[in-house]
Amino acid sequence: MGSAVPHLYNAGSATGVVMDVTHILDPLNDRQREAVTAPVGPALVLAGAGSGKTRVLVHRAAWLIEAEGVSPHGLLAVTFTNKAASEMRGRISELLGSSAGAAWIGTFHGLCHRLLRMHWQAAGLPQSFQILDSDDQQRLIKRVIRSLDADENRWVPREVQWFINNRKDEGLRAANLHPDDETEHEFKRIYAAYETTCDRAGVVDFAELLLRVQETLIRDPDLLGHYQRRFRHLLVDEFQDTNEIQYAWLKLLSGDGAQPFVVGDDDQSIYRWRGAKVENLQRFQRDFPNTRLVRLEQNYRSTGNILAAANGLITHNQGRLGKELWTEGSEGSPVHVFGGFDERDEAEFVVDKVKAWVDHGGRRDEIAVLYRSNAQSRVFEEMFINERIPYRVYGGLRFFERQEVKDALAYLRLVQSRDDDTSFERVVNVPTRGIGSRTVELIREYARDNATTLWRAAIALTGGDLSSRAANSVQAFLSQIEAMAVAVKGLPMHEQAEHVIAAAQLEAHYRSREKGERGEARVENLGELVNAARGFQYEEEGLTPMDAFLAHAALEAGEGQAAAWEDCVQMMTLHSAKGLEFPVVFICGLEDGLFPHQRTMTDPEGLEEERRLFYVGMTRAMRELYLCYAEQRRLHGMEAYSEPSRFLGEVPRELLEEVRPRMNVSRPVAMRYGGGGALAGDDAGTGLSLGQRVGHPKFGEGIVVTVEGHGAHARVQVNFEAEGSKWLVLQYANLEVL
DNA sequence: GGTCACTCTATTTTT
DNA sequence: TAGAGTGACC
């Protein structure tokens, strides 16, 4: 890697000063250096897992500033998560020995938010616009559906939300849609009504942040020109995860002059389901014809065997850009495979290995247990608790998403922006103050009929059509918010939060509603919220501290779990493991139907994404990788039997080592997960196929929904017309093919 | 307006 | 199995 001779560089034509850039180049290998020092111009770095992707980005930024004489002011670096953004900022400053201050470094959403705050007028937003998180968004959509008298059973809020966000991610407004059928028509109608409601209330959802910026820049060529001239250097992390609008946004900002430097890995694209377009990697090369392509394939993380196993697996995917990881390190141990009897057996195995690791002087936080879906964590948690092994589960409810925190925030938001319907609705009757569903319904109706917000509707109604009792309650609520606004004016933020929480009597509310620990925990969280407000540092200009804090709460929902002070086993889904590394990794629940997940197995693209997910999981491991499955597993309260994951059969067999092969398995080990497994729709030697109509002597007629296993051991799931869905062992079922 | 019992459903997740 | 959501009832 590094050389003893200092690297000198003629720093940018402007300065003519010769800089010592040793600290930037020394820690890099040849490929990384090639990427970092690429001539100013579009560049695409295909960075395999563990190949130093972040390092390249960070060093590129430093290189541009120190060697090319680029002002940090002209630098824009984009990531997907707040964590990645702050890491990048920190590392760049560290490398520069000074702050990267003027550079814009942040998430797509964070940067767009910043632009909207600066140019709220151009964007057509109220100055105090508020941000909806997905929970707020879903509630609002639900309300919109009701207000349209659409059938809630047919138009499921979740699905509508999905639809709207997908359209926005594609850059499409309701007005841009041309529905072909009734369903699409209705979606469009709801979308349009949702847009109107958001505009009226001055609220913006996540996807809107991007779309609104995009539209504003297109509408205002001066503004666009300004930013195009300013940001000549764009750095993008995790490029394979960009969606349509993010790509369009980058391209727009690039204009003719900017030099995007993007880093990504098509093999780690695991977010297609939420709109990410791997194709953007190829599109980039087409759209920026002189793109310099650099591949980073040297891996600094895993042993040779682990890499070979991962490489072997991923070759089963079609249409890859092509990349093969290698290492100068040792081969290490083989990849261990464990087949448990059931999920408890699987968990016990992990427990044993954890204990052994710790007994040999290892730390628990060097171990990660990865699984496909969150529900799988339970067995491990129970087992870890029994065995007194500290653990930490990632994911789950985040601080700013907690009910009590959101209630308090809603008060603060109302104080800030009276028209925020989402917040109004949330707290009109929390704590209960005699404003029942009937009254709220009247307010909604009035708001809808008069095209106004709930707040204004409430004001209008107190002087009119409400019963005197209801009118009094509503009036009391309105006055209370106004009083809060007055009382809070000019106070430091944490005192504002304190005041609002006290005035709304939220503590008493939670204490009385949930006795004992749960209620107490909520009260504590309210205290934490005050602390968060106290410690909040804001640097954005042109925005009140409170607006900044509220935006922060929405954009950065906080940690999933309290920070682990103890040395804990790390547990998380494969998705959340991306970007992390651990000496010891367990990938659990490797069974067909669970991983690859049932719902992806019928779709070849979905299956490839699952395979990439497995690849991501494997490449998290530095030294020891355990692949585990269970033959039988309790799922949704029912016992289910399944075959080991087809992916196991795609890992070169010579790299695998069976741990404690089960004695009662008659098939030879090599046959257990051979040859890629049966594809869905295959009859797997049972003579039955999915969708087949069958008759049963007792249950009548039905349709085969699932086929598992082979020959006489096979089990089928049949959806009977009369009896519903049943699992049957083929050997005894006496099914008649119809 | 609050409680209880019943039904329904059941990836992955950041912002 | 468990959690959310709903509707009936007090």
Side-chain angles (χ1 to χ4, degrees), chain A residues 78-85 106-113 131-138 142 152-153 156-158 161-162 165 168-169 204-211 237-238 241-243 245-246 269-276 343 370-379 382 394-398 400-401 429-440 469-470 473 512-513 551-558 560 572-579 589 593-601 603 606 609-610 612-614 616-617 633-640 724-725:
Chain A
V78 201
T79 62
F80 277 85
T81 64
N82 292 300
K83 193 173 155 216
T107 62
F108 279 99
H109 295 87
L111 297 172
C112 285
H113 172 244
I131 301 172
L132 298 185
D133 67 16
S134 32
D135 183 61
D136 298 331
Q137 188 191 25
Q138 204 184 101
K142 192 168 178 181
E152 251 180 284
N153 296 317
V156 187
R158 269 187 52 132
Q161 179 182 31
W162 190 258
N165 288 339
K168 287 195 178 187
D169 286 346
V204 166
D205 62 46
F206 288 134
E208 183 74 24
L209 290 167
L210 289 150
L211 182 54
D237 194 13
E238 305 277 19
D241 288 340
T242 51
N243 63 26
I245 195 151
Q246 287 159 344
S269 159
I270 53 174
Y271 288 112
R272 196 181 72 104
W273 54 276
R274 67 177 198 215
E343 74 277 9
L370 309 182
Y371 35 79
R372 177 63 235 265
S373 58
N374 286 305
Q376 285 168 257
S377 73
R378 255 191 83 149
V379 200
E382 284 168 11
Y394 282 74
L397 204 55
R398 329 258 286 288
F400 287 110
E401 290 167 354
N429 205 30
V430 175
T432 43
R433 48 169 72 84
I435 305 179
S437 51
R438 180 69 200 127
T439 308
V440 177
R469 203 164 116 203
S473 309
S512 73
R513 206 188 52 178
H552 166 84
L555 286 175
E556 197 166 343
M572 67 196 83
T573 62
L574 286 139
H575 282 90
S576 27
K578 193 168 85 153
L594 196 57
F595 190 24
H597 195 275
Q598 194 85 49
R599 295 172 72 153
T600 62
M601 293 202 314
D603 162 34
E609 178 145 306
E610 295 284 287
R612 291 192 291 269
L613 188 56
F614 189 27
V616 166
R633 173 181 301 274
R634 215 174 162 71
L635 257 180
H636 313 315
M638 289 209 337
E639 293 298 333
S725 164

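Every chain is numbered from 1, with letters handed out A, B, ... down the list of sequences.
- Looking at which nucleotide of DNA chain B each of A:Arg372 and A:Leu555 is closest to, the 5′-most match is held by A:Arg372.
- Here A:Glu208 lies out of heavy-atom contact (under 4.0 Å) with every strand.
- Checking A:Ser373 against A:Gln376 by side-chain atom types alone, a donor-acceptor pair falls below 3.5 Å.
- One distance of note links CH2 of A:Trp273 with CH2 of A:Trp162; it measures 6.0 Å at 0.5 Å rounding.
- Within the 4.0 angstrom heavy-atom criterion, no nucleotide atom of any strand lies near A:Asp205.
- On the nucleic acid side, DNA chain B contacts chain A at distances under 4.0 Å to non-hydrogen atoms, with the end points of that region at B:dG1 to B:dT15.
- Contact annotation: the side chain of A:Ser473 never approaches that of A:Arg433 to less than 4.5 Å [non-hydrogen atoms, C-beta and beyond].
- Contacts between residues 429-436 of chain A and DNA chain B, defined by a heavy-atom separation under 4.0 Å, are made by A:Asn429, A:Thr432, A:Gly434, A:Ile435, A:Gly436.
- Screening A:Thr439, A:Val440, A:Ile435 against A:Asn429 for a side chain to side chain contact (heavy atoms under 4.5 Å, CB included) leaves a single residue, A:Ile435.
- Counting any heavy atom pair closer than 4.0 Å across all strands shown, A:Ser576 reaches sugar-phosphate atoms only and no base atom.
- Contact annotation: the side chain of A:Lys578 approaches that of A:Asp241 to within less than 4.5 Å [non-hydrogen atoms, C-beta and beyond].
- The aromatic rings of A:Tyr271 and A:His575 sit tilted relative to each other, their planes meeting at an angle between 30° and 60°.
- Of the inter-residue distances, the one linking A:Arg272 atom CZ with A:Leu613 atom CG reads 13.0 Å to the nearest 0.5 angstrom.
- Within 4.0 Å of A:Asp241, counting heavy atoms only, lies no atom of the nucleic acid at all.
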Protein-nucleic acid N or O pairs under 3.5 Å, nucleotides 3-10 of chain C:
none

